[in-house]
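Just so you know, ligand 1 is whichever comes first in the structure, and atom 1 is the first atom listed for that ligand. Numbers here are sequence positions counted from 1.
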Amino acid sequence: MWIADIRFERGITAWGQLPRNGFPEVAMVGRSNVGKSSLINMIAGRRQLARTSRTPGKTQELNYYAVNQCCYLVDLPGYGYAKVARARRQAWQNLIDRYLIQRAQLRAAVLLVDGRHPPMASDLAIVSLLRTADLPWVIVLTKSDKLSGNERPKSVARTREALEAQGLAVPVILSSSKTHSGRQAILDWMEHFLGYAPDKPQSSSA
Ligand code: GTP
Ligand code: MG
């Protein structure tokens, strides 16, 4: 899949605001601060398309990015700890739960997990939700630039083991928004679910 064009369309805070044009969607889901918005920027090849922060709780709306004017990448607020009022956090978490389970246009989810640590109970809670949602999904292990060469395959192996313990065989992709590693694997995986996805045009002299 080649991204010819990507632009922020809108941030959504209530079910009734979801787009009605029928474009297929792939969502970025995960705990606060794992790097969902950074991954959108990495995929887009833009530094500041999505806003990121060292402080958990930066993304507080379902942010829709239109790709190639045919489909959406959706950057979700994070699950778990965030420096915002409890009631506000609960409201968006309820909206994300409903979105993952009921949104007809949602074709697949990318579950981001911090590659530096074994999957946490809160990551596995999202796994349960994705099982309920009955969606195709993939795990992206983030921040691989912070791992040594030895630690990288270990991170993938322990994640696979945690999934196998739950009877799951899900693709695991190691990524870094700093070095852009994993970018093509993520795009290739998403292409299956987004329908129309043009390849990069060949130059006419080829
Ligand atoms: P919320 O919106 O709060 O749910 O967080 P998020 O999952 O969108 O995380 P965000 O992309 O804002 O990144 C959180 C922090 O992790 C920022 O300081 C990023 O710079 C950093 N970060 C994200 N991805 C990477 C990565 O691949 N490598 C490194 N070294 N840092 C990263
Ligand atoms: Mg974010």
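- You'll find the side chain of N41 stays beyond 4.5 Å of the side chain of S177, heavy atoms only.
- With hydrogens and angles left out, the side-chain atoms of Y72 and N21 include a donor and acceptor closer than 3.5 Å.
- No side-chain N or O of T179 forms a donor-acceptor pair with one of D145 less than 3.5 Å apart.
- For atom 3 (O) of ligand 1, the nearest non-hydrogen atom of the protein is G57 N, 2.6 Å.
- Considering backbone and side-chain N/O atoms, D75 never comes within less than 3.5 Å of an N/O atom of ligand 1.
- Heavy atoms of K146 found under 4.0 angstrom from ligand 1 belong exclusively to the side chain.
- Contact annotation: for P56 versus ligand 1, heavy atoms closer than 4.0 Å belong to the backbone alone.
- Heavy-atom proximity to T59, at under 4.0 Å, picks out these atoms of ligand 1: 2 (O).
- Heavy-atom contacts from other residues, nucleotides or ligands closer than 6.0 Å to CZ of R98 number more than 12.
- Heavy atoms of D145 found under 4.0 angstrom from ligand 1 belong exclusively to the side chain.
- The protein non-hydrogen atom at the shortest distance from atom 25 (C) of ligand 1 is K143 CG, 3.6 Å.
- Counting only N and O atoms by type, the side chains of Q90 and N94 include a donor and acceptor under 3.5 Å apart.
- Residue W137 holds its CH2 atom at 11.0 Å from CG of L129, rounded to the nearest 0.5 Å.
- Listed by number with element, the atoms of ligand 1 under 4.0 Å from a non-hydrogen atom of K178 are 20 (O), 27 (O), 28 (N), 29 (C), 30 (N), 31 (N).
- Residue side and main chain included, S38 places no N/O/S atom under 2.8 Å of the Mg ion (ligand 2).
- We find the CZ-CD distance between R131 and Q166 to be 6.0 Å, quoted to the nearest 0.5 Å.
- Numbered from 1 in the order shown, with element, the atoms of ligand 1 that lie under 4.0 Å from a heavy atom of G78 read 4 (O).
- Within the listing of ligand 1, atoms 8 (O), 11 (O) sit less than 4.0 angstrom from a heavy atom of S37.
- Listed by number with element, the atoms of ligand 1 under 4.0 Å from a non-hydrogen atom of V34 are 7 (O).
- Scanning the protein for heavy atoms near atom 7 (O) of ligand 1, the closest one is K36 NZ, 2.7 Å.
- Put simply, no part of T142 is less than 4.0 Å from ligand 1, judged by heavy atoms.
- Closest to atom 19 (C) of ligand 1, if we only count protein heavy atoms, is S38 OG, 3.8 Å.
- Taking every non-hydrogen atom of S176 and a distance limit under 4.0 Å, the qualifying atoms of ligand 1 come out as 27 (O).
- Q17 and Y64 are not linked by any side-chain donor-acceptor pair at a separation below 3.5 angstrom, with hydrogens and angles left out of the test.
- Atoms of ligand 1 lying under 4.0 Å from at least one heavy atom of S177, given by number and element, are 24 (N), 26 (C), 27 (O).
- When only interatomic distances are considered, the shortest N/O to N/O separation between G35 and ligand 1 falls below 3.5 Å.
- Protein heavy atom in closest approach to atom 12 (O) of ligand 1: S53 N, 3.1 Å.
- For the Mg ion (ligand 2), the N/O/S atoms of S37 include one lying under 2.8 Å.
- Atoms OG and NZ, on S155 and K146 in that order, are 14.0 Å from each other to the nearest 0.5 Å.
- Side-chain contact check for D123 versus Y79: every heavy-atom pair is 4.5 Å or farther apart.
- Between E25 and R103 a salt bridge is recorded (basic side-chain N to carboxylate O distance below 4.0 Å).
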